[in-house]
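Reading through the structure tokens given below for one structure.
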Amino acid sequence: MPESYIQNLFAERIGGAQYGKSQAIYKFEKIKRAKRAAMAAHPDQEIIDLGVGEPDEMAFPAVVEQLCSEARKPENRGYSDNGDIVLKQAAARYLERVCGVKGIDPETEVIHSIGSKAALSLLPAALINPGDVVLMTIPGYPVFGTHAKYYSGQVHNLPLTEQRHFLPDLDAIPSDVLKKAKVLVLNYPNNPTGASATPGFFACVVEFARKHDIVVIHDAAYAALVFEGEPLSFLATPGAKEVGLELHSASKSFNMTGWRCGFVAGNPLLVRAYGDIKDNSDSGQFLAIQHAAAYCFDHPEITQQIAAKYSRRMQGLVEVLRQAGFKAQKPKGSFFLYVQAPESALGKGGSRVAFANAEAVSQWLITEKLISTVPWDDAGAYLRFSVTFIANSAAEEHGILQEIGHRLTSAKFEFA
Ligand SMILES: Cc1ncc(COP(=O)(O)O)c(C=O)c1O
């Protein structure tokens, strides 16, 4: 078939006339392919999937009930645009009760999102002109940066390293970059490192933002999933509301990834701009879903129960990985355990396999041990293990952890 004229019409931002022709295989596709091949080679064994970035369970029954009753109300049927007051008020209550953030005005300082991903994809339209720089952490969740580049913005990467407890070094940003920097995107508890921020770090971020006229977007997708202490909101930092926004989501905290609901809160001027872009992009999340999410934000004990499960699993996984030689340390929150990747492994017969990077380790673990993880090679070689594997009881969970230990200790890993 001759090539369609459509091929020449694609925008440069997605590859122009070359769109779709690249043979490059991306990380998650490589993982998928390796999993398929391992399953075909070992049809009698199960893959243990520690690569999944979303909860293993459904939303709680009371939340599903709330959705059903709200879905029956005729007044909830239509376009919700930027939403009614129900979720806004629940969000303000949640920020005060769970995160100690007082004084959020639900009318002017909160608007719902169709998930944080959607909010991160919309916000660049409000802020980025060609040539503007966005400061993004790597490894990290790239959506804001991707869209900033669509608007001809530039991304300056801030590496997250173990030495700095996976907090970016704001003092290391070159002055010419700072002059053009407009936005700093942060995410704590962090995907993929599992690291948490501290009030002191957030105070420095506010000072930095004020000094350099920078907007701070704090993506708090894992905010309340903490294993110790209280959830830490950026908005709880004195002065934070003058410099930025925080994004919360029902996805991970309430097992509602597919429901697509969260909220953006903080600086009223930024919230308004987000609302203007959003209003021109979507017609709002279904009010029944917004109201069910509002119910969740008024029931933070749901998140506490979910976090307790992840904490228990995390403890078990840390022990299992340590026995296999990994330097695993239990994070303070999220559901991610981020560990240094081994340099090599000795198999049963004593044969040594050297790994070029974390991706090679991840492929080897899938192929040889039927364990799936996500590799990160952006700032050192690391593997991300998620404790969102499917297990329907504590006993099943224990069995899976034992099986992980069994599979891993049959090799001897060597580390730098
Ligand atoms: C750091 C981070 N931000 C945002 C999201 C997306 O969240 P949502 O489901 O609310 O769009 C994810 C999902 O994996 C994430 O890891």
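Whatever order the structure lists them in is the order used to number ligands and atoms, beginning at 1. Predicted, not measured: the structure shown is a model, and the values here were computed from it. Sequence positions, counted from 1, serve as the residue numbers for this chain.
What sits closest to atom 14 (O) of ligand 1 on the protein, heavy atoms only, is Lys252 NZ, 2.6 Å. Among all protein heavy atoms, the one lying closest to atom 6 (C) of ligand 1 is Tyr141 OH, 3.3 Å. Given atom 9 (O) of ligand 1, the protein heavy atom at minimum distance is Ser251 OG, 2.6 Å.
Comment: Glu70 engages Lys73 in a salt bridge, judged by a side-chain N to carboxylate O separation of less than 4.0 angstrom. We find that Arg210 and Glu242 are joined by a salt bridge, their nearest charged nitrogen and carboxylate oxygen being less than 4.0 Å apart. The pair Glu397-Lys309 fails the salt-bridge criterion, with no side-chain N (NZ, NE, NH1 or NH2) lying under 4.0 Å from an Asp/Glu carboxylate O.
Around atom 3 (N) of ligand 1, the closest heavy atom drawn from Asp219, Leu247, Leu120, Val143 belongs to Asp219.
Exactly one residue among Tyr222, Phe60, Phe297 makes a ring-ring contact (aromatic ring centres under 6.0 Å, His included) with Phe254. That residue is Phe297. Residue Asp132 forms a side-chain hydrogen bond (donor to acceptor under 3.5 Å, both in side chains) with just one option from Gln154, Lys180, Lys182, and that option is Lys182.
Ligand 1 places these atoms under 4.0 Å from at least one heavy atom of Gly115: 10 (O), 11 (O). The ligand atoms of ligand 1 that sit less than 4.0 angstrom from a heavy atom of Ser249 are 8 (P), 10 (O).
Considering both main-chain and side-chain atoms, Arg260 comes within under 3.5 Å of ligand 1 through a nitrogen or oxygen pair. Close N/O approach between Asn187 and ligand 1 is not found [any backbone or side-chain N/O within under 3.5 Å]. Note: an N/O pair closer than 3.5 Å links Ser116 and ligand 1 by distance alone.
The aromatic rings of Phe10 and Tyr19 sit tilted relative to each other, their planes meeting at an angle between 30° and 60°.
Taking every heavy atom of both residues into account, Pro331 and Leu337 meet most closely at CD-CD1, 3.8 Å.
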